[in-house]
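As structure tokens, the structure follows; a few thoughts come after it.
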Amino acid sequence: MTPLERWVEEQAALTKPDKVYWCDGSEEEAHRLIESGMKEERVAGRPVFYELNHATFPNSYLHRSHPTDVARTEHLTFVCHPDRETAGANNNWMDPEEAKEKMRKLSDGCMRGRTMYVLPYMMGHPDSPYSKACIQLTDVSYVAISMRIMTRMTKDVVGKIGQRGDFVKGLHSIGDFDPNKRFIMHFPDEHFVWSIGSGYGGNALLGKKCFALRIASWIGLKEGWLAEHMVIMGIQDPAGHVTYVTAALPSACGKTNLAMLESALPGYKIWTIGDDIAWLNVGLDGRLWAINPETGFFGVAPGTSMKTNPNMMRTLKKGIFYPTLFTNTALNIDTNEPWWEGMDGQAPDNAADWQGNKWDASSGAKAAHPNSRFTASVYQCPTLSPEFDNPKGVPISAVIFGGKRTHVKPLVVEGMNWQNNVFLGSRMGSETTAAATHQEGVMRRDPMAMLPFCGYNMADYFGHWLKIGKRLIHPPRVFSVNWFRTDEKGRYLWPGFGENIRVLKWIIDRVNSRVGAKETPIGLVPHLKDFSLDGLNISKESLEKLFDVDADEWRKEAGDIEEFYKKFGARIPKEIWTELHSLKAKLGMSQ
Ligand code: GTP
Ligand code: SPV
Ligand code: MN
């Protein structure tokens, strides 16, 4: 028996499924699992899948989750290092032995009456030196089908693991969906994630946030690389030159939209490599190289339309080899198509809401859940980069950090040098969204968009970023962006979406030394003459407001950043304090 077989057997002995089934990742198998998910298998008393209109949305299916299970649950997510300090103030912590004891009790017999699916998958291209062989166990076909879309799932992975015991392990069960018995536990030293009680996205697709960010960030700290919550894309200019950039924005703050943006400026084109996760390595050439370990999009449905994100709408209608899943969207009963708020056209007259109840538009209730999502293969994306399957990845010339800030932060700012760049990333903040269960619209600090995903002490993470910089001979330039600043009436000042290319153009113009910039206390901002505004209907007043750096607002911001750092005590690197002190001095604040 191989270590893998032994591990699967042990987990089956604990969870007691009726059947253990090893997936091979084939198309035929996916059809079979979807069939049984429609006919036999039940989740919360309901079919796992409903077939949608295949004439307009080929190979697409609707999934409705348990009503309490609609988003990541950060308060139930734990990182179990042997000591609390390693986990840091950014993580919930539990002693690993105590956590396992708790999980063993909750998991005893949890798969009774269900099938245990064994999912062998790769994060990253199998030929990439950066990829990882993984196994997830789950008791729901929705997760098995989602993982086949999101990762490279094939039976070859079993052979690749062979006699090794150090493969990445995930044990997942939906349990009985009781939120009081829901936990997502990480054991970084064992490359092991144990999740029970949720079937939703980042709580259940364990290759994604749990492994590719929380555990991988810890492996990256040990091995000298970075696992980041970032888009990867190529920006082609009118001369045909492609500049690769990554962008970190918090959950539901615009990564998927940015990753496949349709340019509002003629001659520019975006090539998509990833929309959520980037693994960054220092190449032998001293540049930063990025791969996307995933192969699918798990994207926010509301707000997605031909106007905002035409390339995603096209992607969603291309499901053939891979199915396309819709989770917690509404259903147009007359056409059997998915529907959500912000989609093109009129709201349907006859719709079922995300729970399957008849929707009454006049009630004011949303038909689709605000965190309803689609799951689609990247291979269906019309802007997929020809470099997507390159095992080496792509060389990165710029890194962008963003957040949702209705106030304070300008449209774009550039950092000055690596130390200042790490400070710029570490001081990001964002208003909370529906991607996790908590109050929406509350400002919280979210360094590098990694607050919920950094699998160790965030102060050490800043130190790791500083160290990586020392190994880069050609470091990327670093920028912060904010599409979400509002006027006094609460309206967005910036049109966003396809118009964001104007900001990207300035960024690649900076990278290619085509334009200068203006120094402010918080970094470099564009000279308006260099910022392309052709064809854009925006008032001079709005523009000024978009680029405004208000010293009073920033003094308050600096205080808030300081309060955040203090939670990490003496572990915050001195370089970061130096930068904060320098910012405070520039703002005329006492130290
Ligand atoms: P996760 O999948 O949770 O990591 O989210 P994400 O960062 O990929 O966010 P996504 O692109 O799905 O966008 C989230 C929401 O923000 C959607 O409702 C979008 O329509 C909206 N959005 C995206 N880009 C912009 C923009 O430039 N301006 C404005 N105003 N809204 C945007
Ligand atoms: C996010 O919340 O950042 C997502 C969705 O990308 S989830 O997979 O649920 O983490
Ligand atoms: Mn995300």
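One-based numbering, in listed order, for ligands and for the atoms of each.
- Inclusion of A435 in the set of residues having an N or O under 3.5 Å from an N or O of ligand 1 is not warranted.
- Using modelled atom types and a 3.5 Å distance limit, the side chains of R152 and S131 yield no donor-acceptor pair.
- For atom 7 (S) of ligand 2, the closest non-hydrogen atom on the protein side is G202 N, 3.4 Å.
- Protein heavy atom closest to atom 9 (O) of ligand 1, with residue, atom name and distance, is G254 N, 2.9 Å.
- For ligand 2, one of its N or O atoms has an N or O atom of S251 under 3.5 Å away.
- For the 3.5 Å distance criterion, the side chains of N328 and S372 fail to qualify, holding no donor opposite an acceptor.
- Taking only nitrogen or oxygen atoms, main chain and side chain alike, T304 does not reach within less than 3.5 Å of ligand 1.
- Contact atoms of ligand 1 toward N257: 10 (P), 11 (O), 12 (O), 13 (O), 19 (C), 23 (C), 24 (N) (distance under 4.0 Å to a heavy atom of the residue).
- At least one heavy atom of H229 sits less than 4.0 Å from an atom of ligand 1.
- Scored by the side chain to side chain donor-acceptor pair (under 3.5 Å) test, K505 finds D509 as partners (sequence neighbours excluded).
- Between F484 and ligand 1, not a single N/O pair is under 3.5 Å apart.
- For atom 4 (O) of ligand 1, the closest heavy atom belonging to the protein is K255 NZ, 2.7 Å.
- Between the side chains of R182 and T68, a donor-acceptor pair is found at a separation under 3.5 Å.
- Protein N/O/S atoms found under 2.8 Å from the Mn ion (ligand 3), listed by chain and residue number: K209 NZ, H229 NE2, D276 OD1.
- For S251, heavy-atom contacts with ligand 1 shorter than 4.0 Å involve the backbone as well as the side chain.
- For atom 17 (C) of ligand 1, the closest non-hydrogen atom on the protein side is P302 O, 3.8 Å.
- With hydrogens left out, the protein atom closest to atom 4 (C) of ligand 2 is K209 NZ, 2.8 Å, a heavy atom.
- Contacts of N500 with ligand 1, taken as heavy-atom pairs under 4.0 Å, involve the side chain alone.
- Residue-to-ligand polar distances keep K208 apart from ligand 2: every N/O pair is separated by 3.5 Å or more.
- Side chain to side chain, T437 and T73 fail the donor-acceptor criterion of an N or O pair below 3.5 Å.
- Counting protein heavy atoms only, atom 22 (N) of ligand 1 is closest to F497 CE2, 3.5 Å.
- Proximity of L205 to ligand 2, defined as any heavy-atom pair under 4.0 Å, is not found for any part of the residue.
- Under 3.5 Å, the side chains of T304 and N309 contain no donor-acceptor pair of N or O atoms.
- When only non-hydrogen protein atoms are considered, atom 2 (O) of ligand 1 lies nearest to R373 NH1, 2.8 Å.
- Cation-pi contact between K169 and F192: absent, since separation from the ring centre below 6.0 Å together with deviation from the ring axis within 45° is not met.
- By the neighbour-count criterion of 12 heavy atoms within 6.0 Å, atom NZ of K269 is densely surrounded, having more than that number from other residues, nucleotides or ligands.
- For the residue pair T295 and Y322, no side-chain donor N or O sits within less than 3.5 Å of a side-chain acceptor on the partner.
- Under a 4.0 angstrom heavy-atom cut-off, P250 registers as being in contact with ligand 1.
- In terms of protein heavy-atom proximity, atom 5 (C) of ligand 2 is nearest to R373 NH1, 3.3 Å.
- For the pair A252 and ligand 1, the shortest N or O to N or O distance falls below 3.5 Å.
- The proximity of T433 to ligand 1, defined as any non-hydrogen pair under 4.0 Å, does not occur for either the backbone or the side chain.
- Using a 4.0 Å cutoff on heavy atoms, K255 does not count as a contact of ligand 2.
- Here the NE2-CE distance, from H229 to M450, works out to 8.5 Å after rounding to the nearest 0.5 Å.
- Between the side chains of D139 and S173, at least one donor N or O lies within less than 3.5 Å of an accepting N or O.
- If you check each of V300, N482, T486, V503 against atom 12 (O) of ligand 1, the one with the closest non-hydrogen atom is V300.
- Side chain to side chain, Q236 and W271 meet the donor-acceptor criterion of an N or O pair below 3.5 Å.
- Residue D276 approaches ligand 1 through these ligand atoms, each under 4.0 Å from one of its heavy atoms: 4 (O).
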